Amino acid sequence: KNLSKLSGEIEMPLVPVLAEMEYAGVKLDVENLKSYANELRGKIIVVEKQIYQYAGFEFNIASPKQMGEVLFDRMKIISNPKKTKTGQYATGEPELLKLKDKHGIIDEILEYRGLQKLLNTYVEALPKLVNQKTEKVHTSFNQAIAATGRLSSSNPNLQNIPIRTIEGREIRKAFIPSNNDGVIFSADYSQIELRLMAHMSKDENMLNAFVNGEDIHTATAAKIFNLELGEVSRDMRSRAKSANFGIIYGISSFGLAQNIGIKRSEAKELIDNYFKTYPKIREYMNKQIAFARENMWVETINGRRRYLPDINSRNAIVRGVAERNAINAPIQGSAADIIKIAMINIYKKLLNENYKSKMILQVHDELVFDVQKDEIEQLKAMVTYEMENAVNLSIPLTVDSGMGGDWLEAH
DNA sequence: GTTTGGCATTGATAA
DNA sequence: CATATCAATGCCAAAT
């Protein structure tokens, strides 16, 4: 019954919404991308020369295998390099960051990797995918791939366009309105996953923080470290933020320690304090695992199920993954349910109220619109309302939004 | 000898 | 030994 409802009221009505979004597409500033490509190529050549200089010879920098042999067999920059499952040297970013002080070549390699990633995956790739007739890129939104109920995006994936680095942000600037006098409008849920954790666990302290409109990471830090809100330092807020993320994923002291670079014992203490602050969250986590052991599945607020066949495995590693999934899937999946409901309701209004603006992208907790200028105010009010009121929880859902001449400005 | 396909590694997003 | 994805490159073996 629940699954019929999920299908009939969410997934099936979403089909035409996604079809329209794919059909609408996104306009790209191809000229700007092409000139940025040249800039990147220039920088790459400089860095490349610098790397060969340090190494003393040329090799394929893009090959992790060769990179490992160069760094650890020939240059011997450290004695006990970490290896991957298959026995090759690990040369991923986390490993290289630890070697930063050992040799000047490390920074150059990281720089090279960053530039090459942008050039190959985005700056050169996106213009090739512009449809000749529409002059836009048309992604595919996949509805039945992700185990949690999220959408995924492919050909191209428009859900992983860079935003974290200055260089990456250049790419967002190339996502522009389809009309010269239009704008991009972006609206995203604020902390939707933590709000769902608060709602589902019914933890009074976390619910209160949201009801009172507090910054959740600062509020968490204040409680964990036993301070007033105003006394929380940047570092404490940052640790509390990592703890909050860890909670959503099914925390371990090892994982948290790894993530923020502290000792396992310190991470354990942080987690202990966290559960003292939010006692019902631990109860909720235990309840989810117990339910999964009994039923072999867990569910979202709309009855979407994730089956967990490994939940009773005798292998502790395998079982641990399933247990973390029992905690994470209802949270991540409920957030997916909610934005899907909002999308359906927004689409109805776009049609019924004859908007010319179009919904063009979904990025898990964000919706992006290609907007006609005279519709900005009305659309903003409508989208915000529909997102905030897609479902009724024990705490408010809030939406942040922005607009501008490109996706970067809007977001 | 060359092409194709799959796995491994790496890194981009949700933040 | 933290959740969910997609994609590019390298590398190697199977297929032709």
Side-chain angles (χ1 to χ4, degrees), chain A residues 59-68 83-97 109-110 112-126 129 139-142 145-165 167-169 171-172 188-194 197 216-217 238 241-260 264 267-268 271 285 306 316-333 335-336 339 361-366 400 407 411:
Chain A
F59 62 101
N60 186 349
I61 305 173
S63 161
K65 191 180 174 207
Q66 289 184 41
M67 180 59 73
K83 299 204 171 172
T84 64
K85 299 150 202 90
T86 55
Q88 292 197 3
Y89 295 121
T91 69
E93 192 172 2
E95 285 312 303
L96 294 189
L97 284 175
I109 295 166
L110 289 169
Y112 177 92
R113 289 239 179 104
L115 296 171
Q116 199 71 262
K117 172 84 177 182
L118 292 180
L119 186 65
N120 292 338
T121 308
Y122 304 103
V123 183
E124 284 184 333
L126 288 171
L129 294 167
T139 186
S140 294
F141 285 110
N142 312 300
I145 288 185
T148 53
R150 276 187 172 184
L151 299 177
S152 79
S153 158
S154 56
N155 295 306
N157 180 358
L158 296 185
Q159 291 181 323
N160 74 342
I161 301 302
I163 193 163
R164 286 168 208 190
T165 67
E167 296 86 348
R169 281 179 210 133
I171 294 158
R172 287 223 168 198
D188 63 281
Y189 282 110
S190 167
Q191 303 294 353
I192 189 168
E193 293 190 348
L194 274 179
M197 181 57 96
I216 189 63
H217 302 314
S238 165
K241 185 176 175 181
S242 292
N244 278 329
F245 274 113
I247 286 299
I248 291 168
Y249 299 148
I251 204 163
S252 74
S253 55
F254 185 96
L256 183 63
Q258 175 99 355
N259 190 286
I260 55 182
R264 251 175 105 175
K268 190 179 176 303
I271 294 169
M285 294 167 84
R306 177 154 187 187
I317 307 278
V318 172
R319 189 174 64 245
V321 172
E323 288 175 353
R324 290 194 294 278
N325 283 332
I327 295 160
N328 175 264
I331 302 286
Q332 199 181 114
I339 197 167
L361 294 174
Q362 188 255 41
V363 191
H364 309 308
D365 72 342
E366 174 190 10
D400 298 323
W407 190 8
H411 188 84

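These numbers come from a predicted model, not from an experiment. Here is the naming used below: chain letters follow the sequence lines, and residue numbers restart at 1 for every chain. What you see below is based on every heavy atom in this structure, not just the backbone, and it leaves out hydrogens, waters and symmetry mates.
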How would you list, by chain and number, every residue that makes a side chain to side chain contact (heavy atoms under 4.5 Å, CB included) with A:Lys65, sequence neighbours excluded?
-> A:Ser63, A:Glu69, A:Gln88

Base, sugar-phosphate, or nothing: which does A:Leu158 touch, judged by heavy atoms less than 4.0 Å apart?
-> nothing

With heavy atoms under 4.0 Å as the rule, sort A:Glu366 into base, sugar-phosphate or nothing.
-> nothing

Counting any heavy atom closer than 4.0 Å, what does A:Asn328 reach on the DNA or RNA strands: base, sugar-phosphate only, or nothing?
-> sugar-phosphate

Report yes if some heavy atom in the side chain of A:Asn155 is under 4.5 Å from a heavy atom in the side chain of A:Leu129; otherwise report no.
-> no

Assign A:Gln88 to base, sugar-phosphate, or nothing according to its heavy-atom contacts below 4.0 angstrom with the strands shown.
-> nothing

Tell whether A:Arg150 reaches the base of B:dA14 with its side chain through a donor-acceptor pair below 3.5 angstrom.
-> yes

According to a strict under-4.0 Å criterion, is A:Thr84 in side-chain N/O contact with OP1 or OP2 of B:dA8?
-> no

Minimum-distance nucleotide to A:Pro94 side chain [options: B:dA14, B:dT9, B:dG11] | B:dG11

Could you tell me whether A:Ala147 contacts a base, only the sugar-phosphate backbone, or nothing, with contacts defined as non-hydrogen atoms closer than 4.0 Å?
-> sugar-phosphate

When we call it a touch if two heavy atoms are under 4.0 Å apart, what does A:Lys241 touch: a base, just sugar-phosphate, or nothing?
-> nothing

Flag for A:His411-A:Asp188: side-chain donor and acceptor within less than 3.5 Å | no

For A:Gly92, answer base if it contacts any base atom (sugar-phosphate contacts may also be present), sugar-phosphate if it contacts only those atoms, and nothing otherwise; contact means non-hydrogen atoms under 4.0 Å.
-> sugar-phosphate

Side chain to side chain contact (heavy atoms under 4.5 Å, CB included) against A:Ala267, all qualifying residues, sequence neighbours excluded = A:Ser253, A:Leu256, A:Ala257, A:Ile262

Base, sugar-phosphate, or nothing: which does A:Ile145 touch, judged by heavy atoms less than 4.0 Å apart?
-> sugar-phosphate

Heavy atoms from other residues, nucleotides or ligands near CD of A:Gln258 exceed 12 (cutoff 6.0 Å) = no

Roughly how far apart, to the nearest Å, are C:dG10 and B:dG1 at atom P?
-> 23 Å

How would you give the extent of chain A contacts on DNA chain C, as first and last nucleotide 5' to 3' within a 4.0 Å heavy-atom cut-off?
-> C:dC1 to C:dC12

Assign A:Arg164 to base, sugar-phosphate, or nothing according to its heavy-atom contacts below 4.0 angstrom with the strands shown.
-> base

Across all chains, not counting sequence neighbours, the side chain to side chain contact (heavy atoms under 4.5 Å, CB included) partners of A:Glu95 are A:Lys82, A:Ala90, A:Lys98

Give A:Ser153 one of three labels, base, sugar-phosphate or nothing, depending on what nucleic acid heavy atoms sit under 4.0 Å from its own.
-> sugar-phosphate

So what does A:Ile248 touch, heavy atoms closer than 4.0 Å: a base, only the sugar-phosphate, or nothing?
-> nothing

Sugar-phosphate, base or nothing in reach of A:Ile163, heavy atoms under 4.0 Å | sugar-phosphate

Among all residues two or more places apart in sequence or in another chain, which pass the side chain to side chain contact (heavy atoms under 4.5 Å, CB included) test with A:Pro64?
-> A:Thr91

Find the distance A:Arg113:CZ to B:dG11:P and express it as a whole number of Å.
-> 5 Å

Which part of the nucleic acid, if any, lies within contact of A:Ser242, taking any heavy atom under 4.0 Å across all strands shown: a base, the sugar-phosphate backbone alone, or nothing?
-> base

DNA chain C-proximal residues of residues 116-124 of chain A, any heavy atom under 4.0 Å | A:Asn120, A:Thr121

Side chain proximity check, A:Leu126 to A:Ile171, heavy atoms < 4.5 angstrom | yes

